[in-house]
2 protein chains.
Amino acid sequence: MTKAIKKFRKYIDEKNLQITRQRMDIAEVFLQSGRHLSVDELYELLKEREISAGRATVFRTLKLLNESGVAGEVDLGEKTRRYEVKFGNTHHDHLVCTGCGRYIEVYSGQIEEMQEKLCAEHGFKPSSHRLDIFGLCRSCGIEKKKKGYR
Amino acid sequence: MTKAIKKFRKYIDEKNLQITRQRMDIAEVFLQSGRHLSVDELYELLKEREISAGRATVFRTLKLLNESGVAGEVDLGEKTRRYEVKFGNTHHDHLVCTGCGRYIEVYSGQIEEMQEKLCAEHGFKPSSHRLDIFGLCRSCGIEKKKKGYR
DNA sequence: ATGCATGCAAAACGTTTGCATGTCT
DNA sequence: AGACATGCAAACGTTTTGCATGCAT
């Protein structure tokens, strides 16, 4: 956790921005949560912990965390933007359960390789990618069977 | 094209909805365009062709086209939602060029297979997925080199 | 004739921004 | 002191909705 904070501080420094109470608080709560948070969820989480920060500041800080590479944007097709901890986390894809809304983070070196190949075939220089698989997780799959859905 | 329209009509019928001039016009222009259209782009396209339809109706009809399986939502990380023709189009992934905004539709049976395997390993039942690779297309890659960017 | 569809304008979202005030350096 | 950050509320762009009217069945 501390390493990520350090990286954030460093980024702020390099950009000649200021280290403020809000930025540090927001970063810390975000990093501790370990979830894919929407701006509003983080804002509420801060309120619960009686840390005052305006919505706008949370937006602005998450943007900063994203730029610094500490956070990454996740877009699971919802209306809302989400952020996940990127620092110290290797790249991964998502298995998103449409039953319970939870997700599993997965990784396959082979898939990554195939993607490289695919890009090469098209003279395309990849810089990032996103693979989300939607469906039912183990427990939701069993649920549905039990209840006789579908 | 006609087959897709038929499927749409059938869907409307089954749902006991009504076949209206707007719905048919919107569906036709959408299917003919063959592009990933945003609601607004389609709305404008309709205006150009002097077909009158309110924005709200275009929204509602695209939602319907999506439900019917004729259209599919595409989310390339923009603020705006886009739709693509799904009917008669096999599943594909996207290579999205961050230089010119264009995209290439690609497909790899091997990647699909690996995804299946990945899901199986996690007891996950996939129903759909989305793979978007962002980067520079051939011509934008060359452009950048020429201009000495980066 | 009935009920669903349309179109407008208003509301509802998530997000961004302008500006006066407060804080870091 | 000076510059930058904050917080509020207003502005924004996209999508949704309420409601009177119009059209399909």
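Letters A, B, ... mirror the listed sequences (proteins, then strands); counts begin at 1.
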- Regarding the side chain of A:Thr80, the nearest nucleotide among C:dC4, C:dT15, D:dC4 is C:dT15

- Query: Expressed in angstrom and rounded to an integer, what is the separation of A:Met24 atom CE from D:dT6 atom P?
  - Reply: 10 Å

- Against the side chain of B:Phe59, the closest entry in C:dT17, C:dA5, D:dT15 is D:dT15

- Message: Please report the distance, rounded to the nearest Å, between CG in B:Leu65 and P in C:dA5.
- Response: 14 Å

- Note on the structure: When rounded to whole Å, the CG to P distance for the pair B:Asn16 and D:dA24 reads 17 Å

- Item | Short side-chain N/O contact from B:Gln22 to OP1 or OP2 of C:dG7, under 4.0 Å | yes

- Using the side chain to side chain contact (heavy atoms under 4.5 Å, CB included) rule, take B:Leu65 and B:Tyr83 through it: C-alpha gap first, then chi angles, then the decisive distance, then the call. CA-CA 9 Å; B:Leu65 280 160; B:Tyr83 291 88; over 6 Å; no

- Could you tell me the separation between the CZ atom of B:Arg55 and the P atom of D:dT17, rounded to a whole number of Å? 18 Å

- Closest-nucleotide ordering on DNA chain D, the 5'-leading residue of B:Asp40 and B:Leu17: B:Asp40

- Which whole-number value in Å describes the distance from B:Lys15 NZ to D:dT25 P? 18 Å

- Audit row: A:Phe8, A:Thr61, side chain to side chain contact (heavy atoms under 4.5 Å, CB included) steps and yes/no: CA-CA 11 Å; A:Phe8 187 43; A:Thr61 304; 4.2 Å; yes

- Task: Whole angstrom is fine here: how far is it from NZ in B:Lys63 over to P in C:dA5?
- Result: 13 Å

- Message: From C-beta outward on B:Ala53, which listed nucleotide comes closest to its side chain: C:dT25, C:dG7, D:dT15?
- Response: C:dG7

- Message: What I want to check is whether the side chains of B:Gln22 and B:Arg60 have a donor and an acceptor closer together than 3.5 Å.
- Response: no

- Message: So if I take every side-chain heavy atom of B:Ala56 and compare against D:dT15, D:dT17, D:dT25, which nucleotide ends up nearest?
- Response: D:dT17

- Task: Report which part of the nucleic acid A:Ser52 touches: base, sugar-phosphate, or nothing (heavy-atom distance under 4.0 Å, all strands).
- Result: sugar-phosphate

- Message: In whole Å, I'd like the distance from the CG atom of A:Asp75 to the C1' atom of D:dT14.
- Response: 15 Å

- Report the distance from atom CD1 of A:Ile51 to atom P of D:dG7, rounded to the nearest whole Å. 12 Å

- Centroid-centroid under 6.0 Å between A:Tyr107 and A:His92 rings: no

- Message: Any N or O donor-acceptor pair under 3.5 Å from the base of D:dG7 to the side chain of A:Arg60?
- Response: yes

- Ignoring backbone atoms, establish whether A:Arg23 has a side-chain N or O less than 4.0 Å from OP1 or OP2 of D:dA5. yes

- Pick one: which of B:Lys125, B:His122, B:His129 meets side-chain contact (heavy atoms from CB on, under 4.5 Å) with A:Leu95? B:His122

- Answer yes or no: does a side-chain N or O of B:Arg81 lie under 4.0 Å from OP1 or OP2 of D:dT16? yes

- Message: Can you identify which nucleotide, out of D:dT15, D:dA5, C:dA5, has its nearest atom closest to the B:Thr20 side chain?
- Response: C:dA5

